Amino acid sequence: MYARRRHAYFALMGTCITLFVLAWAVVRLWSVPAAVAMCLVAMVIPPVAAIVANRRGPDDRWWDDPSGDPQSDAWWDELDGKKRPRDDHRRDNRS
């Protein structure tokens, strides 16, 4: 997944740079409004590329990463149904 997002990001940014260079090196000689339009299109590409590069897929479960706090991780695991609370823990609380 990461490689696909990285390739898409570099393709979009390469397109952006190509549009800027072509707009002001070649197209402006024939049509300045067309060059400006190309630059406006190129201006929108970097934010789109950043969104594409940072988008998470359905298999990327970044929210499941442990936080480092064992009590919090156990609580979230119990809520998600990943682990059942240990019976030993319940017995200790009853004593």
Side-chain angles (χ1 to χ4, degrees):
M1 285 289 205
Y2 175 71
R4 184 179 302 157
R5 291 193 316 250
R6 189 177 61 211
H7 290 280
Y9 174 80
F10 284 119
L12 285 168
M13 292 307 289
T15 303
C16 176
I17 291 171
T18 302
L19 282 173
F20 273 123
V21 170
L22 284 176
W24 295 112
V26 178
V27 176
R28 73 172 171 89
L29 300 174
W30 287 281
S31 173
V32 172
V36 171
M38 287 174 68
C39 284
L40 290 175
V41 169
M43 181 179 70
V44 174
I45 293 175
V48 172
I51 291 169
V52 167
N54 290 312
R55 186 179 58 124
R56 302 285 183 180
D59 295 337
D60 296 335
R61 299 194 53 155
W62 54 269
W63 59 87
D64 283 345
D65 290 341
S67 66
D69 178 17
Q71 183 178 8
S72 174
D73 292 339
W75 184 74
W76 282 108
D77 288 343
E78 183 180 342
L79 282 178
D80 291 338
K82 286 176 30 177
K83 294 180 191 174
R84 297 191 182 259
R86 295 184 320 190
D87 290 330
D88 297 339
H89 178 68
R90 289 186 178 174
R91 285 186 205 136
D92 289 341
N93 288 337
R94 291 181 191 162
S95 306

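Because only heavy atoms are used, hydrogens play no part in the values below, and waters and symmetry mates are left out as well, while side chains stay in. Along the sequence shown, the residues carry numbers beginning at 1. No experiment lies behind these values; they were computed from the predicted model shown.
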Original post:
Shared ILVMFWY cluster between Y9 and V41, side chains joined below 4.5 angstrom?
Top reply: no
Original post:
Can you name the closest pair of heavy atoms from R55 and R5 and give their distance?
Top reply: O-CD, 2.9 Å
Original post:
So which heavy atom on P46 is nearest to which on A42, and how close?
Top reply: CD-O, 3.1 Å
If you look only at distance, which donor and acceptor atoms sit under 3.5 Å apart when one is on a side chain in residues 12-20 and the other is two or more places apart or in another chain?
{"unit_1": "T15", "atom_1": "OG1", "unit_2": "A11", "atom_2": "O", "d": "2.8"}
{"unit_1": "T18", "atom_1": "OG1", "unit_2": "G14", "atom_2": "O", "d": "2.7"}

Original post:
For the hydrophobic clusters of this structure (ILVMFWY residues joined by side-chain heavy atoms under 4.5 Å, transitively), does one cluster hold both V44 and F10?
Top reply: no
Original post:
Which atom names give the shortest non-hydrogen contact between V52 and A8, and what distance separates them?
Top reply: CG1-CB, 3.8 Å
Subject >> Same apolar cluster (I L V M F W Y, side chains within < 4.5 Å links), V48/M43 >> reply: no
Subject >> Joint hydrophobic cluster, W24 plus L40, side-chain heavy atoms closer than 4.5 Å >> reply: yes
Original post:
If Ile, Leu, Val, Met, Phe, Trp and Tyr residues are connected whenever their side-chain heavy atoms lie under 4.5 Å apart, and connections chain through other members, are V32 and L29 in the same group?
Top reply: no
Original post:
In Å, rounded to the nearest 0.5 Å, how long is the span from CE of M38 to CZ of R28?
Top reply: 12.5 Å
Original post:
With sequence neighbours left out, what residues match W75 under side-chain contact (heavy atoms from CB on, under 4.5 Å)?
Top reply: L79
